[in-house]
Structure formats: C-alpha cells, structure tokens
Amino acid sequence: MLKVLHHHVREGLFEGIKRANADEQVRAIVIIGEGKTFPCGADIREFHTHASVKEPVLTAVGHTIENSGKPVISAIHGTALGGGLEIALCCHYRIASENARIGFPEVLIGLLPGAEGTVRLPRLSGLAFAMDMIAFGKQVNAKDAFRHGILDKLCNGNILEEAKQFATKVIGQPLDSRRLSRLDVKDAANVDLLFEVALAQVKRKSRGQIAPIYCLKSVRNSVRMSFDKAVEEEQRLIMELMTGYQSTALQYSFFADRSAPKWRLPCGASVHNTKPSRIETAGVIGAGTMGSGIAVCLIRAGVPVILVEKNKKMLEKAMKTISGILDGSVKLNRMTSEQKEQCLAILKGTSTLDKLSNVDMVIEAVYENLELKREIFAQLDKVCKPSTLLCSNTSTLDIDKIASATNRPDKVAGTHFFAPAFIMKLMENVYGTKTSPATVATVMEFGRRLGKELEATKEEIKNIRLHLTVTFCTIDL
Ligand SMILES: CC(C)(COP(=O)(O)OP(=O)(O)OC[C@H]1O[C@@H](n2cnc3c(N)ncnc32)[C@H](O)[C@@H]1OP(=O)(O)O)[C@@H](O)C(=O)NCCC(=O)NCCSC(=O)C[C@@H](O)CCCCCCCCCCCCC(=O)O
C-alpha cells in the first residue's frame, strides 16, 4: 500500500511536530515520506469510518505544522497528492526531487481537497493554476510546480540530505510570510473571469459531475472570503460531496479499476495463469435498448457485430437508433463521420439465430425471462461453433440455470451491461459454477477492450447480486 494518511499517520505527524517544538535541541523540522513516496492523500478506504473523523483530523495536523514556531520543510519525493500536498502546503517551505509529482486528484473521486487545499494553493500558485490543478485533478511535475512558486527548491541528490542543508539556511528566518493562511491570493483581480472560463471548460469536459464545479467554487471563495470563512465553506462543500452518490460511485470505481486486473477465482485460476482468447466477431441478440446499446459498445471498439432481432420492424428501428447514437458522438467530436461509417460497416442486422454460426461470442439481451433465455441458449448451443462463448446480459437470473440449457456450461457467463450501455462503463461479469477460467479470462479481456474498466473480486457485491464473483466496473458519470 502506498503511503496514505491513515489515522495513525496523522497522529504520528501531529505528535512528532509537537514533540519537535517542545525539544530545545530541535531548530528545524523536515517532513519526508519513508520509502518510495510522500503521502498520496487521505486514506480513501477510511472515509465513512470512524477513523476518518478521529482526531487529529488532517486540518488539525496542518494547523500544528503551520503554527509551528520552528521552520517546517516538506521534502517531497515520489508523489505528493491530495491530503499529502495539503500537508506540504501547511509547511513553511517545500523542496522536491526533480522527478517528483504533485497534484490534487480528489476531483477524480468526486471530492475536493478538503483539508484547506482549495484555500491555500491559490495563495501560493495564483488562481488560474490552482483552478486548473484542482478542478481537473491535474498532476504537475516538480519543475512546473517550482515555476509556479509551489516549490522553493528542486533537488537532484539525496532529498533528505538536501532538506537538512536547506533547513540550516532558513533557521531563524521569520515565518509569518511563509504561513499561507496569512497571505493574499495571487491574481485575485481576475477571479470572476477565470471562474467563468474554467466553469465552461469543466462543464464541457466533466459533463454532469458536481465535484469539479464545487472545486471551482471553493477556489473562488478563497478570494471572496476571509481564509477562515473560505475554509468553513470548503468543509461544507466536501461534506456534501462526500455524502453524495457521485463520490461513492467514483471511489468504488477507483478501487475497482485497480483490482480488476488482479482477478482470481476460488479454484486458483487468475489473470496470471489463464490465457484469454481473442474475440474477433460477436453476435448480440435482442434489438431493444440494451441490445442496441451493447452493439454500439462493440462496433465502437472495432468488433464486427451481427445483431439478431426476430421482429423486423424493431430491427430496422434499432439500426436507425444506433446510427443516431453514433451521430451524437460525431456531434460531440468523440468520433469523426468517417469513424461512424466504419462502425456502421461492421454492423449487420438479421432476424435469425443461424447467422451466428461463426461468431466468437454471443451476448443475449432479450427481456428477463428464464424460459425464453434457456430456449435461446439451447438454440445457440446447436447453431454456434463449439468454441463460441454464450453470454447473457441478465441482471437477475441465475447463470447456472441458463447454462444448463446448453452442452457447454463452461462457456456460458453473464456479461451484464448497464443502461445506457454505450455510456455506462459498469459491466459485471458473472460466472456460474461451471464457467471455465478461460471463459472468465476472455470475457474480462473483452470488457477491457470495450473500455470497461475492470474489477475482479470473489467477494459478494452488495446491491448488485450476491453470487457475483467477477465484476467489470466503473461508472461514467
Ligand atoms: C498514488 C498513485 C498515483 C499511485 O499509482 P500506482 O499506479 O503506483 O499505484 P496504484 O494506483 O495501483 O495504488 C497502489 C495501491 O494503493 C492504493 N491507494 C492509492 N491511493 C490510495 C488512497 N488515497 N487511499 C487508499 N488506498 C490508496 C490503491 O488502491 C492500491 O491498492 P491495492 O490494494 O490495489 O494494491 C495512485 O494510487 C493514485 O492516484 N492514488 C489516488 C490518490 C488520491 O486520490 N488522493 C486523494 C485522496 S482524497 C484526499 O486526500 C482528501 C483530502 O483532500 C481531504 C480529506 C479531508 C478529510 C475528510 C474527512 C472525511 C469525513 C468523512 C465523513 C463522511 C460522512 C459519513 O460518515 O458519511
């Protein structure tokens, strides 16, 4: 685990600063991360637990640092992110290895830098840079950070040694001008203009997301309000975000993205010892909202699709809908007209299952009726080549019961997309008792190709289904 600011790390820092201040022998204090990095933020796993609010909270640690009567220098190597950077901003000086990076990624998990980061950074870097870093979650390298006044020195040798040398030079220097809470915000005169420009950008790039807007508001408050009032408002905003559904989803997604590539089944099969097959062509059964959306996901990823719908009128309508969805992507500059045509060229519609004889995978997306699905799977089993994977988009039905209608239960799995499938990145891969590891590996790999970020877990997933074992996940908000 990377260094995160768990409760015991906060406590250690808090006590350490107090001890150093009480010790007459100590004339300056250096904060440095042990091992590979400076802290990369608050512990996201700790949110919503008692530990996250247990004293000393991050702001209390920050105040102790800033109010220290002895100079405190943060010596940054690796990454100083989120709460880690907020701690650094409370220090009187910041030095960093040339290859270090700093940033406020909170917005990417639906939050804002809620330990006074939105109020301190603009006082150091200026508003424009702070808005850019905070509202877009941008990380910057040490050289850029130095150029924007966030760092006081770049180091290319041993960071601790350089920090100690730096400390000897600043001992005895007045500290008030180094306490960011006492300074004014730079380029404050342009606040309204900068806010409007950044807001327009945020609305375009992070459509529908609340956190980037709150980030901007909070940075704007750093100009419009006193330090203390802006901090109070920042607290209110982060709490609102913290208890909202967007941050819950994004934090779930953060961990899901990281655990998916490490999937492992109870039998010992895992991403490391199971080879996926390549899906070159696919069939989708059912041209309703789900089937059409799934077809869009596949053709956009360059996978030729045969869309099967026995109702010819519905099929015709679906083909038009799909073309319309792609037109929407062209309008939003997410694809060119040429790419749209390429997508449509690999989509074929048909009303009979026998056209699926040669595809590598079928995704069934008819309505939730076990008998109907079993009937379709029994037919597919006869029609499709032996290696074809037969997948169901079911959200509630038992994969084993569907698989038992075939003679290839090892090649049956659930691939549950969420509506609208071409927008939502959440995709669950449900395996039954007989699904083979190779099938799981192939479906996982396929999900990745579709741009679905993945999670692999053998835990039950609350709110989804108790027998879920492998989940591809992320929600595109
Ligand atoms: C740091 C990275 C760039 C490293 O990337 P790399 O690719 O090297 O490694 P991985 O990404 O694979 O990560 C390795 C490992 O570490 C885990 N991990 C990483 N970061 C965190 C983290 N911050 N917390 C927990 N775990 C983390 C990761 O999951 C991997 O674990 P695994 O088991 O899979 O090995 C990269 O990791 C990265 O970008 N990390 C994200 C950094 C980030 O987002 N930082 C910001 C965190 S949020 C923050 O700092 C908030 C602060 O601004 C303010 C806090 C105010 C306090 C608020 C109080 C809360 C009150 C809540 C009450 C709510 C009310 C209620 O009860 O409801």
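In what follows, every heavy atom counts, from backbone to side chain, and hydrogens, waters and symmetry copies are set aside. Numbering starts at 1 and runs along the sequence shown. Counting convention: from 1, in listed order, for ligands and their atoms alike.
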*Any idea which part of Asp43 is under 4.0 Å from ligand 1, heavy-atom wise: side chain, backbone, both or neither?*
both
*Do any N or O atoms from the side chain of Asn21 and from the backbone of Ser68 form a donor-acceptor pair under 3.5 angstrom?*
no
*Using a strict cut-off of less than 4.0 Å between a Lys/Arg side-chain nitrogen and an Asp/Glu carboxylate oxygen, indicate whether Arg224 and Asp192 qualify as a salt bridge.*
yes
*Backbone, side chain, both or neither: what part of Ile44 comes under 4.0 angstrom of ligand 1, heavy atoms only?*
both
*Out of Pro113, Gly82, Cys40, indicate the one that has the non-hydrogen atom closest to atom 42 (C) of ligand 1.*
Cys40
_For the residue pair Glu66 / Ser181, report whether a side-chain donor-acceptor contact shorter than 3.5 Å exists._
yes
*Quick one: which ligand 1 atoms are inside 4.0 Å of a heavy atom on Ala42?*
22 (C), 23 (N), 24 (N), 47 (C), 49 (C), 50 (O), 51 (C)
_Checking the N or O distance criterion of under 3.5 Å, is ligand 1 in contact with Pro105?_
no
*N/O of Thr79 under 3.5 Å from N/O of ligand 1, yes or no?*
no
_Location of contacts on Phe255 toward ligand 1, heavy atoms closer than 4.0 Å_ = side chain
_Heavy-atom contact check, 4.0 Å cutoff: does Arg101 meet ligand 1?_
no
*What are the atoms of ligand 1, with element, lying closer than 4.0 Å to any heavy atom of Lys262?*
32 (P), 34 (O), 35 (O)
*Carboxylate-amine/guanidinium contact Lys169 Asp152, below 4.0 Å*: no
*Which ligand 1 atoms does Val4 reach within 4.0 Å, using its non-hydrogen atoms?*
21 (C), 22 (C), 23 (N), 24 (N)
*Which of the listed options, Ser52, Pro39, Gly137, holds the heavy atom that is closest to atom 62 (C) of ligand 1?*
Ser52
_Closest candidate by heavy atom, reference atom 66 (C) of ligand 1, pool Glu106, His48, Glu86_ = His48
*If only atom types and distance count, is the side chain of Arg448 paired as donor or acceptor with the main-chain N or O of Met444 below 3.5 Å?*
no
*Check ligand 1 against Ala115 and write out every atom of the ligand that is under 4.0 Å from a heavy-atom position of the residue.*
54 (C)
*asked:* With respect to Gly41, determine whether any N or O atom, backbone or side chain, lies less than 3.5 Å from an N or O atom of ligand 1.
replied: no
*Contact between Phe254 and ligand 1, counting heavy atoms under 4.0 Å?*
yes
_Ionic contact status for Arg236 with Glu240, cut-off 4.0 Å_ = yes
_Within-4.5 Å side-chain heavy-atom neighbours: Glu86 and Arg120_ = no
*Give the ring-plane orientation class for His416 versus Phe418, where under 30° counts as parallel, over 60° as perpendicular and anything between as tilted.*
tilted
_Polar side chain donor-acceptor pair, Glu233 to Ser218, under 3.5 angstrom_ = no
_Can you classify the ring geometry of Phe166 versus Tyr93 as parallel (below 30°), tilted (30 to 60°) or perpendicular (above 60°)?_
perpendicular
